[in-house]
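Scroll down for the structure; my scribbles are underneath it.
Values reported hereafter were calculated over all heavy atoms of this structure, with side chains retained and with hydrogens, waters and symmetry mates removed. To find a chain, count down the sequence lines: A is the first, B the second, and so on, and within it residues start at 1.
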Amino acid sequence: MLQIYNTLTRQKEFFHPIHEGHVGMYVCGPTVYGDAHLGHARPAITFDLLYRYLMHLGYKVRYVRNITDVGHLEHDADEGEDKIAKKARLEQLEPMEVVQYYTNRYHHDMEALNVLPPSIEPHASGHIIEQIAFVQKILDHGYAYVSDGSVYMDVEKFAKDFPYGKLSGRNLEDIVTETRELDGQAEKKHSYDFALWKKAAPEHIMHWPSPWSEGFPGWHMECSAMGTKYLGEEFDIHGGGMDLMFPHHEAEIAQSCAALGHDTVHYWMHNNMITIAGKKMGKSYHNFITLEQFFKGEHELLSKPFSPMTIRFFVLMAHYRSTVDFSSEALEAAEKGYARLQEAYTRLMKLQPGAETTIEIGDLRAKCAEAMDDDLNSPIVLQHLFDSARAINTVYDGKASISPEDLAELRAVWKDYAIDILGLRLGSENAGECGENQLSANNNAVKGAIDLLLDIRLDAKRNKDWATSDRIRNALTELGFKIKDTKDGYEWSL
RNA sequence: GGUCGGUUGCCCGAGUGGUUAGGGACCGGUCUGCAAAACCGGGGACAGCGGUUCGAAUCUGCUACCGACCUCCA
């Protein structure tokens, strides 16, 4: 029985969907004004894991992950200019050109990380009408006010009728004393009121007509409008990074509740941050490393390139609610660990069954399920897979045997948990690295040539011609091949 | 300053009040022409000081240090 940690209650809860057999989940996606960095990979992979596991459990899941392409004001630069607009102006492009460019690149990175596309990926810019309607509802219910063409949430009024701050554990008094001075404060009744609709300044290039002004929706409106549009007034899961808890998700709760009169989300889930030297990796800290830089090894902190699967494995090595500290050293360790798993899988596929099972294999499936049920404990699933890898290697070495039934089950569990749920590309057809069975068809010539060389080496070895044998191995090793001798043959990978 | 969270062995990173987490690195052994891989074995840990308990890394109090949020942020 799946348990997930609900930020609202600060404890693990059994997951009960609203509609039997169906799950609706909404996850805050990227603001497409820059390349995705390691921090973006965290929620993408975390909620991909959840999505995959829910489907494995037999749920029909509607997974909505938005693309933020309007809103999100810059607080410092010139009177709240839109990030997308700013980028567009700097790069002399149409705003939607910027959006399309970075959206494409985001998709490309996500595919590399084997993150499944969501069921619906709505753009904020494509839902202006829904957002205006949502703002109107809040106005109609009296929880917002118009001021100089902008619409603000009347937080004080809302807080009298509904609990405000329950997600982030704040109360209004705290917020009063904490809120700093920002632009546009003069138009607001209180500093903690937030914009639902903002009148566009003349230099602002992205704006739409509305009953109140030519402008654009407030920072948090898109998630309320699009979430409820596609998942209903109440839905199961809302996810995102911990840094969005306040004010973004808190504001979203208030907006939705003000418009609809009741809460929307049953389970709030938040992934923790990726840190670098103990500090959060983020745009504001100027310490982020883009995913492309990881894949290409183009960053001073990276000792070498790291494959997308290494990144995915690295993220899954830690529980999603813990911070993960990035270091090149940690990634190299992850890379080796992943290679070990990959090797074990390749061997599992080659294994020949014996008459009976003479090795302890335990109930791998049950253990993995138990770990996943416990708030998506991927590190424990990996632990069990590593234990299983040891058993596989023992059989592969001929030191134990496994029955046909146990072998079939073991293969099925690896398929289910390693490949389908953890989303690791272990199979030969799509592995991140090339092995002897993993080169594509048009590389058959290369494969043949390597095999030929190694056949020659095998002959040399049989003739105890160690000079030739070592020369071939050393030369191939130099070129990046890994050569492993087996009992009466060889294995190689690139 | 407020709110919340963290502090585990050389590194990364799980964890239940009493039983080996796991991975990487390292050391020793087996196998091998030598390597590599694999397998076996090994050392080492729970920030500090109190409290509860038969027993605490795990519960509780305090201290120290670190971080997140409080402003756009995954």
Take atom [atom1] in [N] and the same atom in [M], then report the distance between them in whole Å.
N	M	atom1	answer
B/G13	B/U3	C1'	27 Å
B/U30	B/A35	C1'	16 Å
B/A47	B/U7	P	7 Å
B/A56	B/G24	C1'	29 Å
B/C70	B/U63	C1'	25 Å
B/U53	B/A14	C1'	26 Å
B/A25	B/C40	P	16 Å
B/G51	B/U58	C1'	15 Å

Looking at A/S388 and A/H384, would you say the former's side chain and the latter's main chain have a donor-acceptor pair under 3.5 Å?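 Between the backbone of A/H384 and the side chain of A/S388 there is no qualifying donor-acceptor contact (under 3.5 Å).
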Can you tell if the side chain of A/K189 reaches within under 4.5 Å of the side chain of A/Y152, non-hydrogen atoms only?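 The answer is no; the side chains never approach within 4.5 Å.
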Would you tell me if any nitrogen or oxygen in the side chain of A/N171 comes within less than 4.0 Å of OP1 or OP2 on B/U3?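 Answer no for this pair, as no side-chain N or O of A/N171 is under 4.0 Å from OP1 or OP2.
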Looking across every strand, which nucleic acid part, if any, lies under 4.0 Å from [X] by heavy atom: base, sugar-phosphate, or nothing?
X	answer
A/G39	base
A/I274	base
A/H319	sugar-phosphate
A/V27	nothing

Rounded to whole angstroms, how far apart are [atom1] on [X] and [atom2] on [N]?
X	N	atom1	atom2	answer
A/R321	B/G6	CZ	P	9 Å
A/R170	B/G2	CZ	P	13 Å
A/L167	B/C70	CG	P	13 Å
A/N272	B/A14	CG	C1'	15 Å

Could you tell me whether A/R347 and A/E343 have a side-chain N and a carboxylate O separated by less than 4.0 Å?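 Between A/E343 and A/R347 there is a salt bridge, with a charged N closer than 4.0 Å to a carboxylate O.
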With [X] via side-chain contact (heavy atoms from CB on, under 4.5 Å) - residues at least two apart:
X	answer
A/P308	A/A112, A/L113, A/F295
A/P305	none
A/T7	A/R10, A/L167, A/M245, A/W268, A/H270

Between A/E13 and A/Y267, do the side chains contain a donor N or O and an acceptor N or O under 3.5 Å apart?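 Per modelled atom types, A/Y267 and A/E13 side chains form no pair under 3.5 Å.
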Donor-acceptor side-chain pairing of A/S327 and A/D325 below 3.5 angstrom: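 There is no such pair (donor and acceptor under 3.5 Å, judged by atom type) between the side chains of A/S327 and A/D325.
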Of A/R10 and A/G240, the one whose closest RNA chain B nucleotide lies more 5':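 Checking each residue's closest nucleotide, the 5'-ward one belongs to A/R10.
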Please compare A/F386 and A/F314 by the position of their nearest nucleotide in RNA chain B and report the one closer to 5'.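 Mapping each residue to its closest nucleotide by heavy atoms, the 5'-most match is A/F314.
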With both distances under 3.5 angstrom, what nucleotide forms a Watson-Crick or G-U wobble pair with [N]?
N	result
B/A21	none
B/A37	none
B/G67	B/C4
B/G61	B/C49
B/G55	none

Does the gap between the ring centers of A/Y26 and A/H238 come in under 6.0 Å?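 Yes, ring centres under 6.0 Å apart.
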Determine whether the aromatic ring centres of A/F294 and A/F326 lie less than 6.0 Å apart.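 Aromatic pair counts; centres sit under 6.0 Å.
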Side chain of A/A330 (C-beta onward), nearest among B/C12, B/G22, B/A14: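 Closest of the options to the side chain of A/A330: B/C12.
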Closest nucleotide among B/G13, B/G22, B/A25 to the A/K336 side chain: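 Nearest nucleotide to the side chain: B/A25.
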Report the relative orientation of the aromatic rings in A/F288 and A/H37; use parallel for angles under 30°, tilted for 30 to 60°, perpendicular for over 60°.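 A/F288 and A/H37: tilted rings.
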Taking N or O atoms only and anything under 3.5 Å, show me the protein contacts with nucleotides 63-68 of chain B, one pair per line.
unit_1: B/G67; atom_1: OP1; unit_2: A/K279; atom_2: NZ; d: 2.8
unit_1: B/A68; atom_1: OP1; unit_2: A/K280; atom_2: N; d: 3.4
unit_1: B/A68; atom_1: OP1; unit_2: A/Y285; atom_2: OH; d: 3.4

Mark yes or no: A/R457 above the aromatic ring of A/Y490, with NZ or CZ under 6.0 Å from the six-membered ring centre and no more than 45 degrees from the axis.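 No, cation not above the ring by the 6.0 Å, 45° rule.
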Aromatic A/Y33 / basic A/K283 pairing, under 6.0 angstrom, 45° off normal: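 Ring-cation test returns yes.
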Do A/S168 and B/C69 have a side chain to base donor-acceptor pair shorter than 3.5 Å?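 Per atom types, no contact qualifies.
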Strictly under 3.5 Å: I want the nitrogen or oxygen pairs between protein and nucleotides 58-61 of chain B, one per line.
none

Could you give me the CA-CA distance, side-chain angles and deciding distance for A/Y106 and A/T103, then say whether side chain to side chain contact (heavy atoms under 4.5 Å, CB included) is met? CA-CA 5 Å; A/Y106 180 74; A/T103 302; 5.5 Å; no
Dump every N/O contact between nucleotides 33-38 of chain B and the protein below 3.5 Å, one line per pair.
unit_1: B/G33; atom_1: O6; unit_2: A/S469; atom_2: OG; d: 3.0
unit_1: B/G33; atom_1: N1; unit_2: A/D470; atom_2: OD1; d: 3.0
unit_1: B/G33; atom_1: N2; unit_2: A/D470; atom_2: OD2; d: 2.8
unit_1: B/C34; atom_1: O2; unit_2: A/R473; atom_2: NH2; d: 2.8
unit_1: B/C34; atom_1: N3; unit_2: A/R473; atom_2: NH1; d: 2.8
unit_1: B/C34; atom_1: N3; unit_2: A/R473; atom_2: NH2; d: 3.2
unit_1: B/C34; atom_1: N4; unit_2: A/R473; atom_2: NH1; d: 3.3
unit_1: B/C34; atom_1: N4; unit_2: A/D485; atom_2: OD2; d: 3.1
unit_1: B/A35; atom_1: N6; unit_2: A/D485; atom_2: OD2; d: 3.3
unit_1: B/A35; atom_1: N3; unit_2: A/R473; atom_2: NH1; d: 3.0
unit_1: B/A36; atom_1: N1; unit_2: A/D485; atom_2: O; d: 3.4
unit_1: B/A37; atom_1: O2'; unit_2: A/R347; atom_2: NH2; d: 3.3
unit_1: B/A38; atom_1: O3'; unit_2: A/N393; atom_2: ND2; d: 3.0
unit_1: B/A38; atom_1: O2'; unit_2: A/D397; atom_2: OD2; d: 2.4

